[in-house]
Amino acid sequence: MDLNMYCHALPKVELHAHLNGSLSIRTLKKLYELQNPDGLENLEFKDVNSLKESFEEFKLAHSLTNSPKAIYIAACDVIQEFAEENVIYLELRSTPREVEGLMTKDEYTEAIIKAIKTCETKCSIIVKYLVSVDRRHGLQVAEENIDLAIELQKKYPKYVVGLDLSGDPTEGDVFLNLLEKSRDAGLRIAAHCAEVPNEVEIMDILNFRPERLGHCVCIHPSLNGSHKLFQRLLELKIPVELCLSSNVKTKSVPTYSHHQFKYLYKVGHPICICTDDKGVFRTTLSKEFELVASHFDLKNTDLKEICKLSVKYSFATDEEKKCLLQIIKNFN
Ligand code: IMP
Ligand code: ZN
């Protein structure tokens, strides 16, 4: 089997996917038609070349996912697309959003849960929801979303398992005190970390010890980090969600071969491979595995091992982890 086929067929685990960044062009067109039944299609799809441009791209998706029906369609499509490329476990994260007159935050999150329930019966995939807190939206909104996440977890403990700290890393704050409250309530925390250089903030996030970290670009000394930060990350052994296309396309790292994967993998630090925003970065999880294999000379058995370890770092239950591991072990 060639690398492309192997990466597609491999039963994979996706731990870092933002709903509105994961919408395919097909889904965006479908949502546009829902909003403009008689209108001519007037959509422009640009390639992203910087972190700022990636945040501009979310605006298009957000303008089209402005009702519970649109969120439901979006979530169903994203889950189905991951399932079609043999993702057997998906943690989908999304920021609860209200749209005046059209949707409340409760309706937003209920639409995601409904989509997860629909897809779990139709597709062979386990899906969890991480409620996102956008650092740009300020303290009050963060508190509101954390309270909502705690309530949702009580109502849907099978599906709502964690909190994601995300948003434009050049703006806002990281609300670590508030996150403590969700941790006390049993929610696991996945925090975006070190997307841009900021030694103090990065050290604060590391010392908070989230269950997982996203990106961790500016930690290694060769990528605008420092020995101190890199040593601290290694010491804490927190699994890092690595998203190669996202980091290269936003120019957070200069090329694939410069990616922090090489430093973390070499020393055996826990990592998993993820897409971040498969729509915005025009990728798939299979492609991300191919990129890792081709740029860092990994064998099929190494890729399979990464999938097994990703199960360990996931927020699935012990029983689910056992089943997932069995599926991966049985794959040849
Ligand atoms: P949503 O939460 O489903 O609306 O997905 C889009 C949102 O995810 C964006 O508005 C950002 O807040 C967040 N996001 C997506 N990609 C990134 C990233 O690379 N860094 C930080 N935040 C991100
Ligand atoms: Zn992200």
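Values below: all heavy atoms of this structure, side chains included; hydrogens, waters and symmetry mates excluded. Counting starts at 1 for both ligands and their atoms, following the listed order.
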Electrostatic pair Glu91:Arg188 at N-O distance under 4.0 angstrom: no
Within a distance under 4.0 Å of any heavy atom of Asp134, pick out the atoms of ligand 1 and give their elements. 12 (O)
re atom 17 (C) of ligand 1, the protein heavy-atom contact at minimum distance is His18 NE2, 3.6 Å
Counting the benzene-type ring for Trp, do Phe208 and Phe175 have ring centres under 6.0 Å apart? no
What residue and atom, counting heavy atoms only, is the protein's closest point to atom 21 (C) of ligand 1, and at what distance? Gly167 O, 3.2 Å
Tell me whether His215 reaches ligand 1 (any heavy atom closer than 4.0 angstrom to a ligand atom). yes
Test: Glu56 and Lys59 ion pair at under 4.0 Å: yes
In the protein, what heavy atom is nearest to atom 9 (C) of ligand 1, and what distance, to one decimal place, separates them? Phe58 CD1, 3.5 Å
Identify all side-chain donor-acceptor contacts of residues 230-244 below 3.5 Å with residues at least two apart in sequence or on another chain.
| residue | atom | partner | partner atom | Å |
| --- | --- | --- | --- | --- |
| Arg232 | NE | Asn207 | OD1 | 2.8 |
| Arg232 | NH1 | Glu235 | OE2 | 2.4 |
| Arg232 | NH2 | Asn207 | OD1 | 3.1 |
| Glu241 | OE1 | His16 | ND1 | 2.7 |
| Glu241 | OE1 | Arg93 | NH2 | 3.2 |
| Glu241 | OE2 | Arg93 | NH2 | 3.3 |
| Glu241 | OE2 | Arg212 | NE | 2.6 |
| Glu241 | OE2 | Arg212 | NH2 | 3.3 |

Between Phe315 and Ile271, is there shared hydrophobic-cluster membership here, with clusters defined by ILVMFWY side-chain heavy atoms closer than 4.5 Å? no
Considering residues at least two apart in sequence or located in another chain, which fulfil the side-chain hydrogen bond (donor to acceptor under 3.5 Å, both in side chains) criterion with Asn224? none
Closer than 4.0 angstrom, basic N to acidic O: yes or no for Glu81 and Lys278? yes
Distance to 0.1 Å, residue and atom name: give those for the protein heavy atom nearest to atom 3 (O) of ligand 1. Ser94 OG, 2.6 Å
Return the residue, atom name and 0.1 Å-rounded distance of the protein heavy atom closest to atom 19 (O) of ligand 1. Asp276 OD2, 2.9 Å
Which protein atoms of type N, O or S are found under 2.8 Å from the Zn ion (ligand 2)? His16 NE2, His18 NE2, His192 NE2, Asp276 OD1
Under 4.0 Å to a heavy atom of Leu19 - the qualifying atoms of ligand 1, by number: 3 (O)
among protein heavy atoms, the one nearest atom 2 (O) of ligand 1 is Thr95 OG1, 2.5 Å
How far is atom 18 (C) of ligand 1 from its nearest protein heavy atom, and which residue and atom name does that atom have? Glu195 OE2, 3.4 Å
Got a donor-acceptor contact below 3.5 angstrom from the His220 side chain to the Ser222 backbone? yes
Tell me which donor-acceptor pairs under 3.5 Å the side chains of residues 118-130 have, and how far apart each pair is, sequence neighbours excluded?
| residue | atom | partner | partner atom | Å |
| --- | --- | --- | --- | --- |
| Thr118 | OG1 | Tyr72 | OH | 2.9 |
| Thr118 | OG1 | Lys114 | O | 2.8 |
| Glu120 | OE1 | Lys158 | NZ | 3.4 |
| Glu120 | OE1 | Tyr159 | OH | 3.4 |
| Glu120 | OE2 | Tyr159 | OH | 2.6 |
| Thr121 | OG1 | Thr118 | O | 2.7 |
| Lys128 | NZ | Lys158 | O | 2.8 |
| Lys128 | NZ | Glu320 | OE1 | 3.0 |
| Lys128 | NZ | Glu320 | OE2 | 2.9 |
| Tyr129 | OH | Ser94 | O | 3.0 |

How close do Glu44 and Leu60 get, heavy atom to heavy atom, and via which atoms? O-CD2, 4.3 Å
Between the side chain of Lys228 and the main-chain N/O of Ser226, is any donor-acceptor distance below 3.5 Å? no
Suppose we measure from atom 16 (N) of ligand 1 to each protein heavy atom; which comes out shortest, and what is that distance? Asp277 OD2, 2.8 Å
Flag the pair Tyr265 / Phe296 as yes when their ring centroid distance falls below 6.0 Å, and as no otherwise. no
I want to confirm something. Looking only at heavy atoms, which of His62, His16, Glu57 is nearest to atom 4 (O) of ligand 1? His62
Please state which part of Arg97 comes within less than 4.0 Å of ligand 1, counting heavy atoms only: side chain, backbone, both or neither. neither
